[in-house]
Student: 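Could you have a look at this structure, given as structure tokens, before my questions?
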There are 4 protein chains.
Amino acid sequence: MCPRTAKAYEALREASKEKIMQAALEIFARYGFEKSSIRQIASHGEVSLGLMYNYFNSKEDLLIAICQRSMEDVAASFSEANQAGTAKEKLERLVKSSFEILAEHRDFWQVFYSLRSQPGLKERLPESFISWHSAIQAQLKAYLSELQHPNPEAAAWLLFATIDGVAQHNIWESNYPLEHVLDELLKTYLGVDYVTA
Amino acid sequence: MCPRTAKAYEALREASKEKIMQAALEIFARYGFEKSSIRQIASHGEVSLGLMYNYFNSKEDLLIAICQRSMEDVAASFSEANQAGTAKEKLERLVKSSFEILAEHRDFWQVFYSLRSQPGLKERLPESFISWHSAIQAQLKAYLSELQHPNPEAAAWLLFATIDGVAQHNIWESNYPLEHVLDELLKTYLGVDYVTA
Amino acid sequence: MCPRTAKAYEALREASKEKIMQAALEIFARYGFEKSSIRQIASHGEVSLGLMYNYFNSKEDLLIAICQRSMEDVAASFSEANQAGTAKEKLERLVKSSFEILAEHRDFWQVFYSLRSQPGLKERLPESFISWHSAIQAQLKAYLSELQHPNPEAAAWLLFATIDGVAQHNIWESNYPLEHVLDELLKTYLGVDYVTA
Amino acid sequence: MCPRTAKAYEALREASKEKIMQAALEIFARYGFEKSSIRQIASHGEVSLGLMYNYFNSKEDLLIAICQRSMEDVAASFSEANQAGTAKEKLERLVKSSFEILAEHRDFWQVFYSLRSQPGLKERLPESFISWHSAIQAQLKAYLSELQHPNPEAAAWLLFATIDGVAQHNIWESNYPLEHVLDELLKTYLGVDYVTA
DNA sequence: TATGAATGAGCGTTCATTCAT
DNA sequence: AATGAATGAACGCTCATTCAT
């Protein structure tokens, strides 16, 4: 009835999927996952209700797909960002790039933080969602070890919490003075020489 | 003419209200506000579905009542905690008491954090819920000023974010090494002498 | 516990019953039977919820009691009103007294008309509620017969419908020109001499 | 790409809307608006409970849609009916066609009359619902003026009330002798020559 | 592939009614 | 006689999901 080449089909599929995921991310960020309706998303993405179910088995599936893809983006950005020189430079780069990534994927992080604090859902999210915590934690610890921090384990936890806290305040508060806080953060955590301290 | 005394009614009312609020707090903490149903709360509190509406005008009203009461408890605990000596001691006490309060009102803070990251609801919560941020922020800044911190504003933001971040990690992660992280936190923020630094 | 003389009890009973019925009639008239709640009535009558159920078995029972008593009042007023002279005078008196009774029991008639047009309820109302129709109809027919109307049966139906229609318009429309319409009514139905017509 | 055609969808929509409106009208007429439940309507119309909300925003919206459409039908029938010759003929035609329309839309008029006497609802019904009164009133007055009635204003009110009263008696009473009453009505209001009277 | 009409479980809420005191 | 706390069936409504085309 509607003949098209296989390739054209594939392109359409990808375009539709992309449109849906982008629309869903925007709606989830604005209204929260629970309060977003499938109809809202379909309408925002200019896609029919039924089409969504061709690509995603459920609302939750759609969320998972979004998280997965965004997490991959984030991971890629992170590994790009962490190539440079000394331990101190790498740690500084890690912190700074975190906030660059945050700014680039603002909608996603809004969703991320609202999901993380919603019990009962995060358990069903993809592994990458959970493992992100321990991954960043491990990397921080490694850098702090390299810097000869006397207690790299606890310091890594602390630094991670700090980054996480600043990130959230930055997202939830309009006019958050990110620049100043970031300066202060780097001064506090990297301004001292752990060897002589 | 000879019904229960007014006092007996008052006691009944208070008992029921308390039962409902406690049940609701537990359910909200476990499943999140949106995903908690009135039926769940009623059943968990072993009261009838409709009883809630004798005391609270709506599900949201119930949430607000819980937040209000918890916030009052928290504020009382905080002001108790901040009487002590030097600026350094007061700051240390503030940080430590924060985590004591967190432990004492675990369920409430779980709800608090999940609400804070939910767009569209926090706007309708009581003023105390919103002003808590700036209140604690102001106090931190005052203490850091007293300690002669060169940049008390930014440092207060940073310390607040750190406390917030640690609090959340402590809530969401089982087996969070709070003791060690807290030690590290105090060492990092209070172990230096800002005047000579 | 609460000793009182039998007589004092009876007085209390009657006073309470009266208060409840009056309150209910006012609420029913203002909001309609379905939309009036038992709580509204209790509160309006300054009586406890439970007390109402000492006197009336249900909301519907209360309505029935009100209708019964009001109908008795109305019937009494009617029989008082219809003693006078010639057929023409009696008919005129009947029509006029109808509207006097309407004005005196405005709340009741509001309820009456809203119930009459509500299917499913009027069937369960007391007999007097139903028989009122045929009673007035019969009386009108008798008077018209006396006046030698060529078709007293149909004319009675018509006159009754007219009275009923005017009564309702008078109740539902504010500023209804009842005086003028009533004049016109009497002129139309009584201004002709059926014998010579 | 190859779903149903737009026209096929439109047909489906119209069929469902029609089914729902018809079912609702019947249920509203039988039980009254307040006592009719959405589930009753859905079940009577053999559609799902939720389907109604695809087409109507609320139960009240459904009522409004029904009233609007019925009122349009009624208005069309009326304007068809009022083309004829002399004033007397036109007035006679107006009265007669009123009762033809009543018979054709029995269910609607039952609903109409029960709504009109229900406080608090009629205010939210469409304008046409309210203005119908004054429209018919004005027309009656115009005809009576043409007939040289000495007091066309009051007579129009009276005639309208009569028509209204007869219509209601005809609806609420089974075996109402409409023919005879209608004859009597026409004789009473049109059998006299106002000029010489 | 793509559509949107259709479904119905489950939600928050109301309110007549019961009952221990 | 009198109270009002407590109950739970039933309401209007929402929305993720299914399915015929």
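The model shown is predicted, which means the values in this text are computed figures rather than measured ones. Protein chains get the first letters and strands the later ones, always in sequence-line order, with residue 1 at the start of each.
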Student: What does Thr5(D) touch in the nucleic acid at a heavy-atom separation under 4.0 angstrom: a base, only the sugar-phosphate, or nothing?
Tutor: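 Result for Thr5(D) = nothing.
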
Student: Can you tell me if the side-chain N/O atoms of Arg13(B) get under 4.0 Å from OP1 or OP2 in dG4(F)?
Tutor: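 No, outside the criterion.
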
Student: Should the pair Arg13(A)-Glu18(A) be classified as a salt bridge under the 4.0 Å nitrogen-to-oxygen rule?
Tutor: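 No, Arg13(A) and Glu18(A) are not salt-bridged.
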
Student: Mark yes when over 12 heavy atoms from residues, nucleotides or ligands other than Glu46(A) sit less than 6.0 Å from its CD; otherwise mark no.
Tutor: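 Count not over threshold, so no.
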
Student: Answer yes or no: is there an ion pair linking Glu14(B) with Lys19(B), defined by an N-O contact shorter than 4.0 Å?
Tutor: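 No, Glu14(B) and Lys19(B) are not salt-bridged.
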
Student: Report the residue (Tyr9(D) or Glu60(C)) whose heavy-atom-nearest nucleotide on DNA chain E is the more 5′ of the two.
Tutor: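 Going by which nucleotide is closer to the 5' end, it is Tyr9(D).
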
Student: Five pairs per end, C1' atoms only: what is the angle between the end axes of the helix from dA2(E)-dT21(F) to dT21(E)-dA2(F), to 10 degrees?
Tutor: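 End-to-end axis angle: 20°.
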
Student: Return the polar atom pairs (N/O with N/O) between nucleotides 9-11 of chain E and the protein under 3.5 Å, or none.
Tutor:
| from | atom 1 | to | atom 2 | distance (Å) |
| --- | --- | --- | --- | --- |
| dG10(E) | O6 | Arg39(D) | NH2 | 3.0 |

Student: Do the side chain of Asn54(B) and the base of dA5(F) come within less than 3.5 angstrom through a donor-acceptor pair of N or O atoms?
Tutor: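 Per atom types, no contact qualifies.
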
Student: Atom CE of Met52(D) and atom P of dC13(F): how far apart are they, to the nearest Å?
Tutor: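 After rounding, the gap between these two atoms is 6 Å.
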
Student: Distance check needed: dT3(E) C1' versus Tyr55(A) OH, whole Å only.
Tutor: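 To the nearest whole Å, that distance equals 12 Å.
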
Student: Distance check: side-chain N/O of Ser16(A) vs OP1/OP2 of dT1(E), anything under 4.0 Å?
Tutor: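 It does not, given that no N or O in the side chain of Ser16(A) lies less than 4.0 Å from OP1 or OP2 of dT1(E).
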
Student: Is it the case that Glu26(B) and Gln22(B) place a side-chain donor and acceptor less than 3.5 Å from each other?
Tutor: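 Judged by distance alone, the side chains do pair up.
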
Student: Looking at Glu10(B) and Lys17(B), is there a salt bridge between them, counting it only when a charged N and a carboxylate O are closer than 4.0 Å?
Tutor: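 Not counted as a salt bridge, because no side-chain N and carboxylate O are separated by less than 4.0 Å.
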
Student: Check for me whether the distance between the ring centres of Phe129(D) and Phe112(D) falls short of 6.0 Å.
Tutor: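 Between Phe129(D) and Phe112(D), the centre distance is under 6.0 Å.
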
Student: What contact category does Val47(D) fall into here, base, sugar-phosphate, or nothing, at under 4.0 angstrom with non-hydrogen atoms?
Tutor: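 Val47(D): backbone/sugar contact only, no base atoms under 4.0 Å.
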
Student: For a quick check, tell me whether the side chain of Tyr53(C) and the base of dT18(E) share a donor-acceptor pair closer than 3.5 Å.
Tutor: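 For Tyr53(C), whose side chain was compared with the base of dT18(E), there is no donor-acceptor pair (under 3.5 Å).
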
Student: Check this for me, if you would: do Arg124(D) and Glu60(D) make a salt bridge, where the nitrogen-to-carboxylate-oxygen distance has to be below 4.0 angstrom?
Tutor: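 Yes, Arg124(D) and Glu60(D) are salt-bridged.
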
Student: Rounded to the nearest Å, what distance is computed from the CD1 atom of residue Ile27(B) to the P atom of nucleotide dG12(E)?
Tutor: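 Atom CD1 in Ile27(B) sits about 12 Å away from atom P in dG12(E).
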
Student: Could you please spell out the steps behind the side-chain contact (heavy atoms from CB on, under 4.5 Å) verdict for Val111(A) and Leu63(A)?
Tutor: CA-CA 9 Å; Val111(A) 173; Leu63(A) 175 68; 4.0 Å; yes

Student: Rounded to the Å, how far apart are Glu46(B) CD and dT7(F) C1'?
Tutor: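 Between C1' of dT7(F) and CD of Glu46(B): 15 Å.
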
Student: Do NZ/NE/NH1/NH2 and the carboxylate oxygens of Lys59(A) and Glu34(A) come within less than 4.0 Å?
Tutor: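 Not counted as a salt bridge, because no side-chain N and carboxylate O are separated by less than 4.0 Å.
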
Student: Select base, sugar-phosphate, or nothing to describe what Phe56(C) touches, counting heavy atoms under 4.0 Å on all strands.
Tutor: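 Phe56(C): no heavy atom of the nucleic acid under 4.0 Å.
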
